[in-house]
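Chain identifiers are assigned alphabetically (A, B, ...) following the order of the sequence lines, protein sequences preceding nucleic acid strands; residue numbering begins at 1 within each chain. Computed over heavy atoms, backbone and side chain alike; hydrogens, waters and symmetry mates excluded.
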2 protein chains.
Amino acid sequence: MLRLSKLTDYAVVVMARLARDGALPEGRVQTAPGLALATGIAEPTVAKVLKILSQAGLVEGLRGARGGYRLARPLAAVPLSEVIVAIDGPIALTACVDGGQGQCEAQGICAVRGRWDPVNDAIRRALSDITLADLAGPTRCAPATTFTQLVAE
Amino acid sequence: MLRLSKLTDYAVVVMARLARDGALPEGRVQTAPGLALATGIAEPTVAKVLKILSQAGLVEGLRGARGGYRLARPLAAVPLSEVIVAIDGPIALTACVDGGQGQCEAQGICAVRGRWDPVNDAIRRALSDITLADLAGPTRCAPATTFTQLVAE
DNA sequence: TTAAATAGGACCTAGTGGGTCCTCTTTGAA
DNA sequence: TTCAAAGAGGACCCACTAGGTCCTATTTAA
């Protein structure tokens with residue numbers, strides 16, 4: 001199904017919300033509970049996503065009372081690929097990736113060994129060309145269509 | 001992680017092997033046990049993949065003694081996207097796809113609602129431009145590199 | 001000093017993909 | 001005519017891991 005993890009989905013939503021609420025670079029911050037309320041995502045989950053994004057340098061976390069999060073960069077400067085990598089790890093379209101030592105059990109006879117890279121490059125390129133600004137759109141609301149309808153092939 | 005299912009991976013390997021062993025359209029057939037032996041993939045799994053590919057019209061199954069499978073089309077005429085769709089279902093880069101009724105719990109406030117389609121289009125285009133022939137290569141063996149090395153970002 | 005936040009873990013749970021097995025049907029060959 | 005070899009089509013089990021929750025430590029403004 002080639003699916004994106006839910007966490008990544010949440011990340012995009014949360015970052016879009018940060019931008020919309022003015023939590024821009026050097027601007028005021030937005031708390032995790034507040035973002036949870038605004039997005040409808042459970043609070044612990046929002047907190048988890050923000051922590052990961054913070055580690056990746058995509059958002060900036062300010063601790064202490066009156067703390068919160070804000071974007072490290074404007075949405076237009078954040079390629080979608082970067083968010084995916086931050087949450088899900090490297091973008092690679094194959095199952096034998098996470099073997100660690102890279103020893104595919106069928107390595108000796110695998111007919112397509114070493115040929116996935118153009119595929120992965122193509123995917124990475126496609127995801128790098130799209131920024132979060134493209135996904136979030138110009139502040140206005142998207143038309144009332146469901147994901148399912150949009151995405152079904 | 002954006003991972004492809006293992007089954008899809010197997011499908012590509014198996015189809016590449018079919019081509020290599022001359023199980024081309026209108027040609028002689030190759031049995032599932034034989035393919036399992038040749039690819040190093042467990043036999044029941046190979047059989048499962050072939051059944052799915054057969055239903056999708058990507059391979060042709062001939063029943064009975066001396067039966068087996070052969071490609072329905074040459075590899076060059078099979079876009080990678082078609083194999084993925086056959087095994088994994090529609091290509092769609094978002095988690096809220098399989099809700100069925102399409103009612104995302106955060107539907108009312110989701111900031112990125114309805115904006116994933118350009119992303120999905122880009123991915124589909126990338127995967128449609130690559131055929132199995134590109135993956136399998138011109139019969140010769142790929143260099144001895146592991147998937148992991150090739151694919152790590 | 002206190003309360004409100006983030007930071008960083010540990011940990012549990014459920015969904016589902018991966019894999020196996022069983023039975024039925026088809027068909028060529030003895 | 002019979003038999004064996006193969007695919008067709010399910011049912012089913014198991015393990016992995018993503019998703020989600022919670023707890024504690026740390027920081028900092030009021």
Side-chain angles (χ1 to χ4, degrees), chain A residues 1-11 13-14 18 23 28-37 39-57 59-70 72 84 87-89 94-100 105-106, chain B residues 1-11 13-14 18 23 28-37 39-57 59-70 72 84 87-89 94-100 105-106:
Chain A
M1 203 186 305
L2 233 185
R3 77 164 174 288
L4 210 59
S5 79
K6 278 193 183 180
L7 271 289
T8 304
D9 209 353
Y10 294 158
V13 172
V14 166
L18 276 173
R28 61 196 175 79
V29 297
Q30 207 58 16
T31 70
L35 286 165
L37 215 61
T39 58
I41 304 168
E43 203 230 290
T45 303
V46 171
K48 184 180 196 171
V49 167
L50 285 167
K51 279 182 244 179
I52 299 173
L53 292 176
S54 170
Q55 286 177 329
V59 305
E60 189 184 359
L62 299 186
R63 304 175 75 161
R66 299 285 173 136
Y69 291 95
R70 65 187 167 200
I84 296 177
I87 305 278
D88 281 342
T94 179
C96 355
V97 178
D98 38 5
E105 71 264 8
Chain B
M1 203 183 311
L2 234 184
R3 77 161 176 288
L4 209 60
S5 80
K6 279 192 182 181
L7 272 288
T8 304
D9 209 353
Y10 295 158
V13 172
V14 167
L18 277 174
R28 60 196 177 81
V29 296
Q30 213 43 28
T31 70
L35 287 165
L37 216 58
T39 58
I41 305 169
E43 202 228 291
T45 304
V46 171
K48 183 179 194 172
V49 166
L50 284 168
K51 280 181 241 177
I52 299 173
L53 291 176
S54 170
Q55 287 177 329
V59 304
E60 188 186 1
L62 300 187
R63 306 176 74 162
R66 299 282 172 139
Y69 291 96
R70 63 186 169 203
I84 296 177
I87 306 276
D88 282 342
T94 178
C96 354
V97 179
D98 38 5
E105 71 264 9

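Here C/dT20 is the nucleotide among C/dG18, C/dT20, D/dA8 with the atom lying nearest to any side-chain atom of B/Pro44. Among the nucleotides D/dC22, D/dG19, C/dT20, the one closest to the side chain of A/Lys48 is D/dG19. In the set D/dA5, D/dT21, D/dG9, D/dG9 carries the atom at the smallest distance from any side-chain atom of B/Gln55. Across D/dG7, D/dG19, D/dA4, the shortest atom-to-atom separation from the side chain of B/Thr31 is found for D/dG7. Picking from C/dG28, D/dT28, D/dG20 the nucleotide with the shortest atom distance to the side chain of A/Thr45 gives D/dG20. Comparing atom distances between the B/Ala65 side chain and each of C/dG17, D/dA4, D/dG9 picks out D/dA4 as nearest.
Among B/Thr39, B/Val49, B/Val46, the single residue meeting the side-chain contact (heavy atoms from CB on, under 4.5 Å) criterion with B/Val13 is B/Thr39.
Protein atom CG of A/Leu7 is 16 Å distant from nucleotide atom P of D/dT17, rounded to whole Å. In this structure, A/Leu53 atom CG and C/dG8 atom C1' are separated by 15 Å, rounded to whole Å. For the pair A/Ile52 CD1 and C/dT6 P, the computed distance is 15 Å after rounding to whole Å. Put simply, CD on A/Glu43 is 10 Å from P on C/dA5, counting in whole angstrom units. A straight line from CD of B/Glu60 to C1' of C/dT27 spans 15 Å, rounded to a whole angstrom. With rounding to whole Å, A/Asp9 atom CG is found 16 Å from D/dA18 atom P. Here the P atom of nucleotide D/dA6 and the CZ atom of B/Arg28 are 14 Å apart, to the nearest Å. Atom-to-atom, OH of B/Tyr69 to C1' of D/dA5 comes out at 13 Å; the value is rounded to the nearest Å.
In this structure, A/Arg63 and B/Gly64 both approach DNA chain D, and ranking their closest nucleotides by distance from the 5' end singles out B/Gly64. Across the interface with DNA chain C, nearest-nucleotide mapping of A/Lys51 and B/Thr8 shows A/Lys51 to be the residue nearer the 5′ end.
Atom CG of A/Leu62 is separated from atom CZ of A/Arg28 by 13.0 Å, given to the nearest 0.5 angstrom. Taking CD1 of A/Ile52 as the start and CG of A/Asp88 as the end, the distance is 9.0 Å to the nearest 0.5 Å.
Within the nucleic acid shown, A/Ala32 comes within 4.0 Å of sugar-phosphate atoms alone, with no base atom in reach, counting heavy atoms only. B/Leu50 comes within 4.0 angstrom of nothing in the nucleic acid, heavy atoms only.
Looking at B/Val29 and B/Leu18, their side chains never come closer than 4.5 Å, going by heavy atoms from C-beta outward. Side-chain atoms of A/Ile87 and A/Leu53, non-hydrogen and from C-beta on, do get closer than 4.5 Å to each other.
Between A/Tyr10 and D/dG20, a side-chain N or O to OP1/OP2 separation shorter than 4.0 Å is present. In terms of phosphate contacts, B/Ser54 brings a side-chain nitrogen or oxygen within less than 4.0 Å of OP1 or OP2 of D/dA8.
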